[in-house]
Amino acid sequence: MSSPKDESVRVTTGQIRPTGGPADTRAKNHSSMRAVLFYGPGDLRLTETEIPFAGPGEVVVKIAVALTCGTDFKAYRQGHPVLLAQRPSPFGHEMAGIVSAVGSGVTGLREGDRVVVLNSAPCDRCFYCRQGTSELCDNLDLLNGAYAEYIRVPPQITRHNVHTLSEYLDFAEAALAEPLACALHAVDKMRIERGETIALIGAGNMARLLVCGLKSRGARVLVIGRNTGRLGLATAAGADEVIDLSREADAIEAVRRRTSGNRGPDGVIEAVGKPETWSLSVAMARKGGRVCLFGGCAAGSKADFDTHRIHYNEIGLFGVFHHRPAYVRQAIELLTKGAVPRALFIDRDISLDEVVPFFSAYHDTSVLKAAVIM
Ligand SMILES: [Zn+2]
Ligand SMILES: [Zn+2]
């Protein structure tokens, strides 16, 4: 949910170079580490590489926990023209750990700080940054390389998007800050009024984070999906009602029936990323409702909308992409309060040795997140 499709972004690769063959044992000397690198679609390898150093304005973080993410699975299957352009490329983007080296000129971070490291940071100088829409930054700096023992964090990200953690927040929960910040971005753009009914199409990991965000703003949340287990998790995350489309075929009818006066929901969030559900979300909203198109469809997709409905019923449509440093701070605050229970998102711990087999075993199925414990 977080990798930009815009090709104007800049990717920082954390200076990872393989130094030898496959690393099937722990790093033997203090200057080498183990990292999972992407060699091409379906080809990840655990390799021994050099431990990076911190240049001016940078920090190096010893990663404690990385989380797997749907975006990583997609990139594993298809590659990514921007994030994984260089081969081999560092891999993984949700991480938390301990600052192990601090470069010259860095203020506000010290060796030993417990931190979450985000996968991007804006430049502050471009038109979009000056407008306050920094997710659209023309020079967004991106960072990959969470499935490794250490990562070098470039200056732009060190300055904006390395956040220290309270002692009450564990590393795995802290690493949820990235996907949660994307969800909070959508919740913010929905401009929720307390008590409004929001229909959420989709019941995956991101949908569950959206439920937590929507509940924190006082919305009534209806979750629409087909997988009973996932709908149960949505309820556990706080959804007020779930609609199982394997039992109720007409999604629009099922949602309207659960809204006051059968009007339909005040807002709809599409968190699937398919043209059919994009169309469905426009058809579902009440007159004057807002539709947030959160799930990214495959490049070149086209969706059908009834133009009359958008015009005469004044439906507002908008896309939401990625996050901003302000949403990351909000996400950390919610996580610190315990508003996002880890057990609803992370269902297993694996070691760095297990990352490659994990991706090959689950590349086509939808799984909860795994916490990779270094
Ligand atoms: Zn992610
Ligand atoms: Zn910018």
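Residues take their numbers from the sequence shown, with the count starting at 1. Every number for a ligand or one of its atoms is a count from 1 in the order of the listing.
Neighbours of the Zn ion (ligand 2) restricted to protein N, O or S atoms under 2.8 Å: the count is 4.
A search for side chain to side chain donor-acceptor pair (under 3.5 Å) contacts involving Ser351 returns Glu354, not counting sequence neighbours.
Screening residues 331-340 for side-chain hydrogen bond (donor to acceptor under 3.5 Å, both in side chains), with sequence neighbours left out, gives no hits. Residue pairs satisfying the ring-ring contact (aromatic ring centres under 6.0 Å, His included) criterion with at least one member in residues 201-233, sequence neighbours excluded, are absent.
Here the Zn ion (ligand 1) is the vertex; the OE2 atom in Glu94 and the NE2 atom in His93 give an angle of 110° (to 10°).
Within the coordination shell of the Zn ion (ligand 1), defined by N, O or S atoms under 2.8 Å, Asp72 is absent. The nearest N, O or S atom of Cys182 is not closer to the Zn ion (ligand 1) than 2.8 Å.
Phe38 and Phe91 have parallel rings, their planes meeting at less than 30° on a 0 to 90° scale where 60° marks the start of perpendicular. Below 30°, between 30° and 60°, or above 60°: for His185 and Tyr327 the angle between ring planes is below 30°, a parallel geometry.
Taking a cutoff of 4.0 Å between a charged side-chain nitrogen and a carboxylate oxygen, Asp170 and Arg342 qualify as a salt bridge. Looking at Lys369 and Glu94, a side-chain N of the basic residue comes within less than 4.0 Å of a carboxylate O on the acidic one, giving a salt bridge.
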